[in-house]
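Input: a single structure, listed below in structure tokens.
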Amino acid sequence: DIQMTQSPSSLSASVGDRVTITCRTSQSITTHLNWYQQKPGKAPNLLIYAASTLQSGVSPRFSGSGSGTDFTLTISGLQPEDFATYYCQQTYSFYTFGQGTKLEIK
Amino acid sequence: QVQLQQSGPGLVKPSGTLSLTCAVSGGSISTTTWWNWIRQPPGKGLEWIGEIYHTGTTNYNPSLKTRGIISLDKSKNQISLNLTSVTAADTAIYYCARRSGTQWLERLDFWGQGILVTVSS
């Protein structure tokens, strides 16, 4: 099984800040890595796929990078609607999700 | 725009079978894509359950130990999940989702609204 380590588990930031969330995998997954945003009571929403491709309709404030075992999601210029929980997902061998990062308002 | 509408009971007794359906609108399940089930225990992270292709081919998370069965009904344009021998550990919000893309481009781009299923006597 491919293990996912997402960090931090929680993060406090202010509107306008730039934040970075990291995801590390137990083996190389090339760029088989997606990022989702989930708000309370809602289904996850796809943000980034193939490590760095922005999903249609998603704000360009969101960007992804990385390959192999280390990946990052960066949110630039935080907006109030960005405070949510974020998950990474590997699609290299079936699917596994990271533990999630809860982004809260400072 | 594809929409996934989930239905099913919110309470299942221990040792019973959890049965959920996911009706697809705005597109056909007979297209070349995979349809997935994912679950999320209350307050916790996401766990992939399995997927089904329009041909009926399935893949499952080995952790379910063959308890999960995913099927499709082309006449109703819907997919189903049956999870047998449930315990309290199966209490979760269950989601269906469509996969788009292949290989490194695979992603879950449309999701159902989710249904909370509680396993309790």
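So you know, we letter chains A, B, ... as the sequences are listed, proteins then strands, and number each from 1.
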Any residue of [range] which, by heavy atoms, sits under 4.5 Å from chain B:
range	value
residues 23-34 of chain A	A:Thr31, A:His32, A:Asn34
residues 46-55 of chain A	A:Leu46, A:Tyr49, A:Ala50, A:Gln55
residues 68-102 of chain A	A:Tyr87, A:Gln89, A:Thr91, A:Phe94, A:Tyr95, A:Phe97

Do you reckon [X] sits in the same ILVMFWY cluster as [Y], going by side-chain contacts under 4.5 Å, direct or chained?
X	Y	value
B:Tyr94	B:Trp111	no
B:Tyr60	B:Tyr53	no
A:Val15	A:Ile21	yes

Where at least one partner belongs to residues 69-113 of chain B, residue pairs that pass disulfide bond (SG atoms under 2.5 Å apart), sequence neighbours excluded: B:Cys22-B:Cys96
Under 4.5 Å from any heavy atom of chain A - which part of B:Ile38: side chain
Segment of B:Asn36 engaging chain A (4.5 angstrom heavy-atom cut-off):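 Contact with chain A: side chain only.
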Proximity breakdown for A:Pro44 and chain B, heavy-atom pairs closer than 4.5 Å: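 The answer is both parts of A:Pro44.
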B:Gln113 and A:Lys42: CA distance, side-chain angles, deciding distance, side-chain contact (heavy atoms from CB on, under 4.5 Å) verdict: CA-CA 7 Å; B:Gln113 81 278 18; A:Lys42 299 294 186 180; over 6 Å; no
Considering all heavy atoms, the nearest A:Ala43-B:Gly112 contact: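 That would be CB-O, 3.4 Å.
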